[in-house]
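Data block below; observations after.
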Amino acid sequence: MSHVPGPAPARRSVLLGTAAASAALALPAAAATPALALPGRPRAAWGVQTGDVTTTSGLVWVRSDRPARMIVETSATGSFRRPRTWHGPLLGPGTDFTGTTVLRGLPPGEQVHYRVTLADPDDPRRTGEPVTGTFRTAPARRRQGVRFVWSGDIAGQGWGINPDIGGYRAYEEMRRLDPDFFLCSGDTVYADGPLQPSVTLPDGRVWRNLMTEEKSKVAETLAEYRGNFRYNLLDENVRRFNAQVPTIVQWDDHEVRNNWYPGQILDDARYTEKDVDVLARRSMRAFAEYFPVGTLSPGRPGGRVHRVVHHGPLLDVFVLDMRSFRNPNSPGRQADDTEGILGAEQLAWLERELSRSRAVWKVIASDMPLGLVVPDGATDFEAVAQGDPGAPLGRELQIAGLLRYIKHRRITGTVWLTADVHYTSAQHYAPERAAFKDFAPFWEFVSGPLAAGGFPANALDGTFGPERVFVRAPQRANVSPMESPQYFGEVDIDGGSGELTVRLRAEGGTVLFSRTLQPGRVGQ
């Protein structure tokens, strides 16, 4: 997303803010990097998370305040009678004291209660206070149904955790819906977006940010990237949400730097490290440390963000990575483009996995929209579309090939979900409106931001025939969360009929738009 960051405040070494702000949130006691020698017992003040939950497996995450052994217990009830025990990794400075334990052999379609205990590695009898959480495994039978939420764009455009308004309030609204999981569609942090302690709004009100050292400048070092991923965990709403709702997470550009692509050399005075590939490696390591992702392992090379998460017979979630394999941003008028935005290898993987899928619905989790024009400067483009409504060119060629493949292989039930553009909308794509016609109609739904600035709606590109059925967006750029509601989407798949209902929601409980799709039907 092409947003111009604001000026960076002076570098700060401790948590900043008013006394009222400090009192408003129950923050982890140790906001900085853990010490290697602390009195007492290990503490897990940053909460717990689960991720990539399937019918019989899931990942549990925790962070310690010192070296510790991670121990996970699971039970069918919160009483933890006769628990099952999982011995996890040793948490240390090599992973910023974070760790993830893989749980396998879980009962399908059941509520799983878990607790994480941190043990002193030198004396296993010295353990910290357990931290508890819960999640539901995916159903093995269709009749149970599936319900999840999605959004993206967190702590962006200068709008961080504001204790005056209760922090990231949309997380609490999502938690109360009790979804099976949360699909986080990228821009999980804004490593290139420093915060200021306060910002005066156009109406004279003052927005106050909770500050940390790492959020006072652009991230360049591994420690600074780690601090950016850690920042959102300072919010009590996020920690409470994480303890109840598993996440399927993907990344986009702001985890590294706005509009980045592999091989880019930065012309940005804020950065001393100009090689974006170096920055991306550091960010990916921190990303792997701070999110439980089944295809990533902290400290080990070869991991990847793109993956398919099987959520029972009703749903497969295809998580794309439109950042790591793309070609350079350009005017997008190439007549041949084999790498595109996905890269040849990821595209082959996606086509193969879509063909193998037997799920009723195949959600393609795209970190960028298909038919919305997202500029990068005066001449280049950041996403797929480039504003030319004619035959596919540039990155559109790769997407055209994918859409053709889906049609000719008779793959049904594909729905595209995305965020990135900082407003919410619904687009229907149909060949009768398109310059490229060899594809079956489909829907793309956009949500977000979850905790960032709002922006006006982007123009549509007619190559794939999008029709904007619904849109809700601000009229000016970078509208704060105090001036405009934040957005998230909800997907409800009925276990009996197999119908999939999408609801676009605004913070405050309002359903802005709803659409129900029928299973196995083309052109709806």
Side-chain angles (χ1 to χ4, degrees), residues 15 17-18 20-31 44-51 60-63 116 131-135 147-190 193 195 207-212 215 227-249 290-292 419 422 424 447-454 480-490 505-510:
L15 286 172
T18 64
S22 299
L25 293 177
L27 301 177
W46 300 87
V48 286
Q49 299 181 64
T50 53
V60 175
W61 174 98
V62 76
R63 183 178 193 251
V116 179
V131 182
T132 61
T134 186
F135 63 90
R147 189 160 50 86
F148 68 93
V149 293
W150 95 93
S151 191
D153 314 303
I154 304 159
Q157 291 73 50
W159 316 113
I161 300 169
N162 184 349
D164 294 347
I165 65 170
Y168 297 159
R169 298 174 300 190
Y171 274 90
E172 179 61 14
E173 288 197 19
M174 293 193 301
R175 186 191 69 83
R176 290 178 179 176
L177 292 173
D178 195 27
D180 293 305
F181 64 89
F182 169 48
L183 171 61
C184 190
S185 301
D187 290 342
T188 58
V189 301
Y190 278 71
L195 299 177
W207 174 282
R208 303 187 192 281
N209 282 313
L210 191 67
M211 294 293 298
T212 66
K215 290 302 297 179
N228 272 263
F229 287 104
R230 192 163 56 241
Y231 177 79
N232 292 331
L233 297 176
L234 291 170
D235 185 83
E236 187 177 12
N237 300 301
V238 173
R239 298 197 305 275
R240 187 164 50 240
F241 179 86
N242 286 344
Q244 179 177 324
V245 182
T247 295
I248 298 174
V249 66
Y290 273 87
F291 290 114
H422 295 242
T424 186
S447 195
L450 193 58
S480 78
M482 285 176 67
E483 302 166 275
S484 177
Q486 304 294 274
Y487 301 114
F488 63 92
E490 178 187 17
R505 290 180 169 270
E507 180 186 4
T510 304

Flag the pair Phe488 / Leu177 as yes when at least one side-chain heavy-atom distance between them is below 4.5 Å, and no otherwise. yes
Considering only heavy atoms from C-beta outward, does the side chain of Trp61 approach that of Tyr290 to under 4.5 Å? yes
Validation row: Met174, Leu450 side chains within 4.5 angstrom (heavy atoms): yes
Does a side-chain heavy-atom distance below 4.5 Å link Gln486 with Glu173? no
Go through it in stages, so that I can follow the logic: the residues are Leu234 and Leu210, the test is side chain to side chain contact (heavy atoms under 4.5 Å, CB included), and I'd like the CA-CA distance, side-chain angles, deciding distance and then a yes or no. CA-CA 9 Å; Leu234 291 170; Leu210 191 67; 3.9 Å; yes
Can you measure from CZ (Arg239) to CD (Gln244) and round to the nearest 0.5 angstrom? 15.0 Å
Please check this pair: side chain of Asn209 against backbone of Leu195, looking for a donor-acceptor N/O pair closer than 3.5 Å. no
Does the side chain of Asn232 come within less than 4.5 Å of Thr188's, by heavy atoms? no
Is the shortest side-chain heavy-atom distance between Tyr487 and Pro449 below 4.5 Å? yes
Check the orientation of Phe229 and Phe291. Use parallel for under 30°, tilted for 30 to 60°, and perpendicular for over 60°. perpendicular
Does a side-chain heavy-atom distance below 4.5 Å link Arg63 with Arg230? yes
Among Trp159, Tyr190, Tyr168, exactly one meets side-chain contact (heavy atoms from CB on, under 4.5 Å) together with Ile154. Which residue is that? Tyr168
